[in-house]
Every structure is written in C-alpha cells, then in structure tokens.
Amino acid sequence: LMVMDVSDDASVSSAAASFSTKFGATGSLHGIVNNAAIGFGLTVALCVNTNLYGVKRVCDSFTPFLVQDSGRVVNVASASGPMFVAKLRSEDQPFFDIATKATWNDLKAMCDKYSSKTANDGDSYGFSKACLNVYTIQLAASFPNLLINSCTPGFIDTDMTRGMGATTPASEGTKSVIHCMFGRAEEVGTGRYFGSDCIRSPLNRYRGPGDPAYEPN
C-alpha cells in the first residue's frame with residue numbers, strides 16, 4: 001500500500017521515490033488511473049489544485065515508470081466539464097474543445113485568471129474538469145507511444161454526490177475507466193473523452209448514455 005496526497009508536491013514526489021525503490025525505474029507500471037477529486041461547494045483554486053494540478057503531479061512523477069510502448073493513463077473527468085463549456089460564449093469554447101491549441105502555460109494562465117475572478121459559484125468543479133480534458137489532450141500529444149484518455153464515470157452515488165440525487169452504484173462508475181484502460185487500442189485511441197457508456201463524447205456539450213458517438217469534423 002502506497003499513500004499520497006495528490007494536492008501536495010512533496011507527497012507525490014515521496015511516493016514516486018518509494019515506487020522507484022521498490023519496483024525499479026522504467027517499464028514497471030502498466031497503467032495510471034487518476035481518480036482523486038474534490039468538488040461542489042469549493043473554490044476554483046481548491047478544485048483546480050486537486051482535479052487538474054494533482055493529475056499533472058502524478059503524471060509528471062509516474063509516467064516515466066510506464067511501459068513505454070503500451071502504457072495507458074486514464075484521467076477520470078466528469079460530464080460537468082462539457083456542461084461547463086457549453087455555457088461559455090461561443091468564442092471561448094474552442095480553448096476547451098478537442099482541437100484546442102492551448103499549451104500547459106495557456107492552461108495554467110486560464111486557471112489563474114478564472115481563480116482570481118470566481119469563488120465558490122458552483123462552476124468550480126465543472127471548470128476544473130474541463131481543464132482536465134484539455135490537459136489530457138496535451139499529455140496525449142506529448143506521449144504518442146502511450147494511450148491517454150479521459151472519461152466520466154457517470155452520476156454515481158459517492159461521498160461527493162450524496163444528497164444530490166445520485167442513485168447509480170459506484171461499481172457502475174468503473175465501466176468507462178475499464179474500457180479506457182483495457183479496451184482494444186484501436187477502439188480506445190488516445191487524446192479522447194469517453195462517456196459513462198464507454199462511447200466517445202464531445203468536450204463542448206453533454207452527450208447522454210445511448211446517444212450517438214461523437215465524430216469530430
């Protein structure tokens with residue numbers, strides 16, 4: 001058992017050092033699932049630190065351990081991300097869409113800008129997950145030999161959603177993660193976002209389970 005706090009640089013670095021000591025430097029890890037998240041009722045800064053920067057901390061520290069010709073990364077996002085993007089002005093949506101040209105510095109600047117202007121408005125969680133999808137695209141481009149995707153587990157009954165009407169058991173939330181981690185490479189691809197039904201979905205609007213698959217132009 002290895003414990004780390006993804007919101008803390010030192011904790012993630014310490015966990016990576018422990019992993020290296022126990023398992024070796026490279027090729028000893030087959031997959032990374034970034035599932036840690038905090039949500040509703042919190043500030044943008046707090047959500048971003050865990051839901052985006054936490055993922056980056058883990059990926060920066062642990063991708064070197066991945067099997068370099070078949071490793072996979074799954075970032076657990078949320079339908080709240082595309083729903084957040086859908087509410088933006090049309091001229092602001094391309095930053096968060098599949099064809100984004102945003103760099104990591106652009107994404108960090110967006111987070112800094114949004115954090116300074118918004119506090120605890122209910123969109124903090126959605127914003128952080130929209131940013132996570134952008135980061136997933138960036139990461140996939142940086143590691144073309146790996147399969148790196150994001151997905152939503154669906155509206156699952158967890159500690160985070162308790163009291164909000166979620167009734168789907170947590171076990172159902174594993175389906176899209178399992179698909180991204182173990183599905184056929186040619187079907188999963190890389191730099192994509194999948195719905196809870198394991199179907200590719202858009203980043204700028206909600207696609208419900210059972211709706212047609214997203215096909216980029």
Query raised in the report: Heavy-atom distance under 4.5 Å between the side chains of Val6 and Val58, does that happen here?
Result: yes
Query raised in the report: When the ring centroid of Phe84 is compared with that of Tyr114, is the distance short of 6.0 Å?
Result: yes
Requested in this report: Hey, could you give me the CG/CG distance between Asn204 and Asp97, rounded to the nearest 0.5 Å?
Outcome: 4.5 Å
Query raised in the report: So how far is it from Asn51 CG to Ser80 OG, rounded to the nearest 0.5 Å?
Result: 10.5 Å
Report summary line: Closest non-hydrogen atoms of Arg200 and Arg192, given as atom of the first, atom of the second and distance, are NH1-NE, 3.4 Å
Query - Min side-chain heavy-atom separation Arg57-Asn49 under 4.5 Å - result: yes
Report task. With the side chain counted from C-beta on, respond yes when Arg205 and Pro82 share a heavy-atom pair under 4.5 Å apart, and no when they do not. Result -> no
**Report entry** Short side-chain to backbone donor-acceptor contact, Gln138 and Ala102, under 3.5 Å
**Finding:** yes
Query raised in the report: If you look at every heavy atom in Ala130 and Phe96, which pair is closest and at what distance?
Result: CB-CD2, 3.8 Å
Query raised in the report: Under 3.5 Å, side chain of Ser176 to main-chain N/O of Thr174, donor-acceptor pair present?
Result: no
Report task. Assess whether side chain to side chain contact (heavy atoms under 4.5 Å, CB included) is satisfied between Phe143 and Thr190, documenting all intermediate values. Result -> CA-CA 10 Å; Phe143 294 94; Thr190 191; over 6 Å; no
**Report entry** Audit row: Tyr53, Lys108, side chain to side chain contact (heavy atoms under 4.5 Å, CB included) steps and yes/no
**Finding:** CA-CA 9 Å; Tyr53 295 156; Lys108 186 175 184 301; 3.5 Å; yes
Query raised in the report: For Val48 and Cys131, what are the C-alpha separation, side-chain angles and deciding distance, and is it a side chain to side chain contact (heavy atoms under 4.5 Å, CB included)?
Result: CA-CA 8 Å; Val48 165; Cys131 290; 5.5 Å; no
Query raised in the report: Going by heavy atoms in the side chains, are Asn75 and Asn149 under 4.5 Å from each other?
Result: no
Report task. Specify the closest pair of heavy atoms between Cys198 and Phe194, including all atoms of both residues, with the distance to one decimal. Result -> O-CD2, 3.6 Å
Query raised in the report: Without hydrogens or angle criteria, can the side chains of Thr103 and Asn105 be said to hold a donor-acceptor pair below 3.5 Å?
Result: no
Report task. Calculate, to the nearest 0.5 Å, the distance between atoms CG and NZ belonging to Leu132 and Lys56 respectively. Result -> 13.0 Å
**Report entry** Steps toward side chain to side chain contact (heavy atoms under 4.5 Å, CB included) verdict (Ser18, Met2)
**Finding:** CA-CA 8 Å; Ser18 296; Met2 188 174 298; 4.2 Å; yes
Requested in this report: Is it possible for you to say whether Val33 and Leu29 belong to one hydrophobic cluster, with membership spreading through side-chain heavy-atom contacts below 4.5 Å?
Outcome: no
Query raised in the report: Taking all atoms of both residues into account, what is the closest heavy-atom pair of Leu52 and Cys111, and its distance?
Result: CD2-SG, 3.5 Å
Requested in this report: Could you walk me through whether Arg207 and Asp197 pass salt bridge (Lys or Arg N to Asp or Glu O under 4.0 Å), step by step?
Outcome: CA-CA 10 Å; Arg207 184 202 142 271; Asp197 57 356; 2.6 Å; yes
Report task. Please check if Phe62 and Val73 belong to a single hydrophobic cluster, counting links between Ile, Leu, Val, Met, Phe, Trp and Tyr side chain heavy atoms closer than 4.5 Å. Result -> yes
Query raised in the report: Minimum heavy-atom separation for Asn133 to Ser150, with atom names?
Result: OD1-OG, 2.7 Å
Query raised in the report: How far apart are the closest heavy atoms of Leu88 and Gln93, and which atoms are they?
Result: O-NE2, 3.2 Å
**Report entry** Validation row, ring centre Phe23 to ring centre Phe65 under 6.0 Å
**Finding:** no
Query raised in the report: Got Cys180 and Cys151 here, is their nearest side-chain heavy-atom distance under 4.5 Å?
Result: yes
**Report entry** side chain to side chain contact (heavy atoms under 4.5 Å, CB included) partner of Arg72, the single match among Ile148, Val188, Leu146, Leu66
**Finding:** Val188
Query raised in the report: Just wondering, do Tyr206 and Ser201 contact through their side chains at under 4.5 Å, heavy atoms?
Result: no
Query raised in the report: Just how far is it from atom OH of Tyr193 to atom NZ of Lys129, taken to the nearest 0.5 Å?
Result: 10.0 Å
Report summary line: In this structure, OG of Ser142 is separated from CD1 of Ile137 (nearest 0.5 Å) by 12.0 Å
Query - Ser124 side chain vs Val44 backbone, donor-acceptor pair below 3.5 Å - result: yes
Report task. Group every Ile, Leu, Val, Met, Phe, Trp and Tyr by side-chain heavy-atom contacts under 4.5 Å, then state whether Tyr125 and Val76 land in the same group. Result -> no
Query raised in the report: In the single-linkage hydrophobic clustering (I, L, V, M, F, W, Y; side-chain heavy atoms under 4.5 Å), do Leu139 and Ile32 co-cluster?
Result: yes
Query raised in the report: If you group Ile, Leu, Val, Met, Phe, Trp and Tyr by side-chain heavy-atom gaps below 4.5 Å, do Leu203 and Trp104 land in one group?
Result: no
Requested in this report: Quick one: pull up NE2 in His30 and CE in Met181 and give me the separation to the nearest 0.5 Å.
Outcome: 11.0 Å
